[in-house]
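Basis for what follows: all heavy atoms, side chains included, without hydrogens, waters or symmetry-related copies. Lettering follows sequence order; numbering is per chain, from 1.
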Amino acid sequence: MARTAAPVYDPQAIEPKWRDAWKKAGLFRVSEDAGKPKFYNLVMFPYPSGPLHMGHFRNYVMGDAFARYKVMRGFNVLNPFGWDAFGLPAENAAIQSGIPPRVSIEGNIAISKHELDLMGVLYAWDREVTTCNQDYYRWTQWLFLKFLEWGLAYKQKAAVNWCPKDNTVLANEQIVNGVCWRCGTKPTKKELEQWFFKITAYAQRLLDDLKKLDRWPDRVRVMQANWIGRSEGAELDFAVEGDGSLRVFTTRPDTVFGATFMVIAPEHELVQKIVTPNHRRNVDDYIEKTKGETEIERLSTEHEKTGVFTGAYAINPFTDERIPIWIADYVLATYGTGAIMGVPAHDARDFEFARKYQLPIREVISPSLQPSGGALDAAFETYDGFLVNSGPYSGLSVKDGIAKIIADAERRGIGKRMITFRLRDWLISRQRYWGVPIPVIYCPDHGIVPVPSDQLPVRLPEHVEFRSDGQNPLLHTPSFVNTTCPKCGKPARRETDTMDTFVDSSWYFLRYTSAGYEQGPFDKAKADYWMPVDQYIGGIEHAILHLLYSRFFMKALYDAKMVSVDEPFAALFSQGMIQRNGAVMSKSKGNGVVPDDIVAHYGADTGRVYELFLGPPDQDAEWNDRGVDGVARFLHRVWRLIIGEEDEVIAGAGPASVEDLSRKRHETIDKVTRDVDAFHFNTAMSALMELANAMQDYLQAGGQRNEAWDSVCRDMTRLLGPFAPHLAEELWQRQGGEGLVVFQRWPEVDAVQLRRPQVTVVVQVDGRLRDRIEMPSGIDEADARARAQESANVQRALGRRAVRRAVYVPDRLINLVTE
RNA sequence: GCGGCUGUGGUGAAAUUGGUAAACACGCUAGGUUCAGGGCCUAGUGGGCGCAAGCCCUUGAAGGUUCAAGUCCUUUCAGCCGCACCA
């Protein structure tokens, strides 16, 4: 159709022009004092590892579309971007190729910026943050010193996870499926002096406040709750025969009468004290053996439980029985007290252990008030039961037994109620070069001395020698290591460890609110205006790591009154990944689609709309090259509908109704608005396609390009604004619109035009569809029923049966029930 | 083992939150187009029966609640993800 002299849609010809126009107009250049409601829109900043592909862009396109939408909705939108630029990949590249990290990082940033620009993805570039720049990491160091001052940073010798390939320690959160999150190597254990952040001090609040995050995906909240891992129970003291006592943690103090042995971790400090001379050899051999095991071997559920008797005995404080103390590697030194009471009848692990070593199994919880008697063939672990064989406590329910035994232990001074968390403190030291230097100095006289904050930043030397053995080059850079003590001026040594890059990303969203601020990490007034982030968008892989650390930072800063809200991200959206040929799109797999190709073949807008259309944004989706063609056809059709001049009328296409078209327009506005608010971009794109189809039907039925038509075209153009922004601008200009589309008001739904004069009412007989009848909207039940019963189809279905009652859903459905 | 999510056409998926299952798009079939093309237009496209009007079946499986179930409940199967000897 549209055989006209009108120009064809040529994306490559129009797109660059509009990108310049947005920059010139200062899109996303914002300040705090605008008389509009604020909206902080944020996508997770990337590690600049190289060219971006369309898999990455799903995130950025959604963020850009949402930011543009919020601008059109009248918000003062902060939409910043930056680079998480410290970290191992750049350092490893330097070791291999000799290119200094800063050089490769800056090159990658330039490429990425070019690609973002090409796709029409625009940010508040005047607020750009790069974590490896001194004006940023200076404040990361400053915050470290604050944490030190607040008692939230400390140094301690600990058995830590060591990645032999990356030559550095790892936080617990960075062991994923038992291997290094970055390189997949099995970590080993090392005893090292390391810096920690005391995230455990916030365990309860980090757990409680998950409830406040009602606009976060449930799965992320559940993952964080599991990671924090709160257990309620008690600590109980068991006297050690001869001397001292052994403290255990248990969630089931009600089972204490069934404790027939004790188990302590091989690393437990009491082991050497209690072991008897004739068992020492066995115990030492066992400890030696478990040291050689990797963490994964030891923590595997399939790992058969082993242990040895220490020769020592404890006294069960409730039964006064003498019970043997064992060591076994299924008890972890780092959880609870590193010791347990073995209750084989009511704990599957203890049951397995007792069977193997022929330790007594005594039933103390029964489903009824009587012991079930006989030998148990598995541990009875539920909380649904009663205490038996438990002296004065027999007959109590589990719940009452727990309360009473804790109360008695507290009264006797041999125990107390206790809550334990699985969460461990955050290990932040890294024995690597390309990171923020930890700003402390070791003085022979004064020990650990923080670098005074007016001497920040501690500069990371940028000309260092990379070593093939993977050792931190800072160790071999005398100009960095050798310094003087800030307290006494005597020669001293600088800390050569750098910080985990997750420290950098734990506060970058605050820096955006006042990038370039020189009196502190951020300007409190500006942070107060912008925070919290109203919409955060990023990958699910950060469900625990980055999102937990950032929450911890925000709470620490809140307690120090540096910020006024204690949660950083009010709403979170975790987008799914894009796959192609059955694998996640990536450079290394060679299945990436690069934006340059998409832009050259189809234009940026087609790539953008396709990424929004291809599936539910929170689920993984398969990239389909043919699907892109479908979206390209849609955008070309929109162009022809709005710019074309002659229209082919199809005979028999029915009457053209401008009222129907206008109603479809308002239905579309309504649908797109609700969908975008809910992040249902895929169905929003479908709705726009439906409107285009309706516009085409109208013209083919002989509809005129009159005033009403033009109005629909203008609304269609504005609705396309956030998603296909270049096309929308061009169409807007060609329709004689003033200014830029992105600064137009988002179309409003007209409730009057939305109303249909006629509705299609579904008629059912006994719940089965029998007819569809056009009725005037608002028809009452009696009339609707009368009309339904006139239908020949309905009469045939009814036969001789009488209608006993009808269920009427106004304007939608009537069900005639015969029985 | 514990926790969470997902099962709908040949494919990606939709379904106003209990009210027309399969919108929108890909693919396919047929036709048209002064149609070079992967362009554009029209019609068709879950399965079965029927010349037709129409009828029956269909949302992993089996039950249940309801006038009405993809949606709620119970059981079950499959796949994915998180945690995993956490006492």
For B:rC26 and B:rU76, measure between their C1' atoms and round to the nearest Å. 35 Å
From the options A:V794, A:V762, A:L816, select the one residue that forms a side-chain contact (heavy atoms from CB on, under 4.5 Å) with A:R770. A:V794
Measuring only the C1' atom in each nucleotide, how far is B:rU74 from B:rU11? A whole number of Å is fine. 34 Å
Is the Lys NZ or Arg CZ of A:R637 less than 6.0 Å from the centre of A:Y9's six-membered ring, within 45° of the axis? no
For the C1' atoms, the ones on B:rC67 and on B:rA62, what distance do you get once it is rounded to whole angstrom? 24 Å
Kindly compute the distance separating CD (A:Q224) from CH2 (A:W227), expressed to the nearest 0.5 Å. 11.0 Å
Euclidean distance for P, B:rA69 against B:rG19 (whole angstrom): 11 Å
Using the P atom as the point on both nucleotides, what is the distance between B:rU75 and B:rA21, in whole Å? 29 Å
Given B:rG38, B:rA23, B:rA25, the nucleotide with the shortest approach to the side chain of A:S686: B:rA23
Any sub-3.5 Å donor-acceptor pair from A:R221's side-chain atoms to A:L213's backbone N or O? yes
Out of B:rG12, B:rA87, B:rG19, which nucleotide sits closest to the side chain of A:L813? B:rG19
Between B:rG4 and B:rG27, how far apart are the P atoms? Round to whole Å, please. 41 Å
Is A:R633 close enough to B:rG38 that one of its side-chain N or O atoms is under 4.0 Å from OP1 or OP2 there? no
Among B:rA87, B:rC67, B:rC41, the nucleotide that comes nearest once only the side chain of A:Q696 is considered: B:rC41
With sugar-phosphate meaning primed atoms plus P, OP1 and OP2, does A:G336 contact a base, only sugar-phosphate, or nothing at under 4.0 Å between heavy atoms? nothing
I'd like the P distance from B:rG60 over to B:rA14, given in whole Å. 14 Å
Give one of base, sugar-phosphate or nothing for A:R626, where a contact means two heavy atoms less than 4.0 Å apart. sugar-phosphate
C1' atom, B:rU42 versus B:rG46: distance in rounded Å? 23 Å
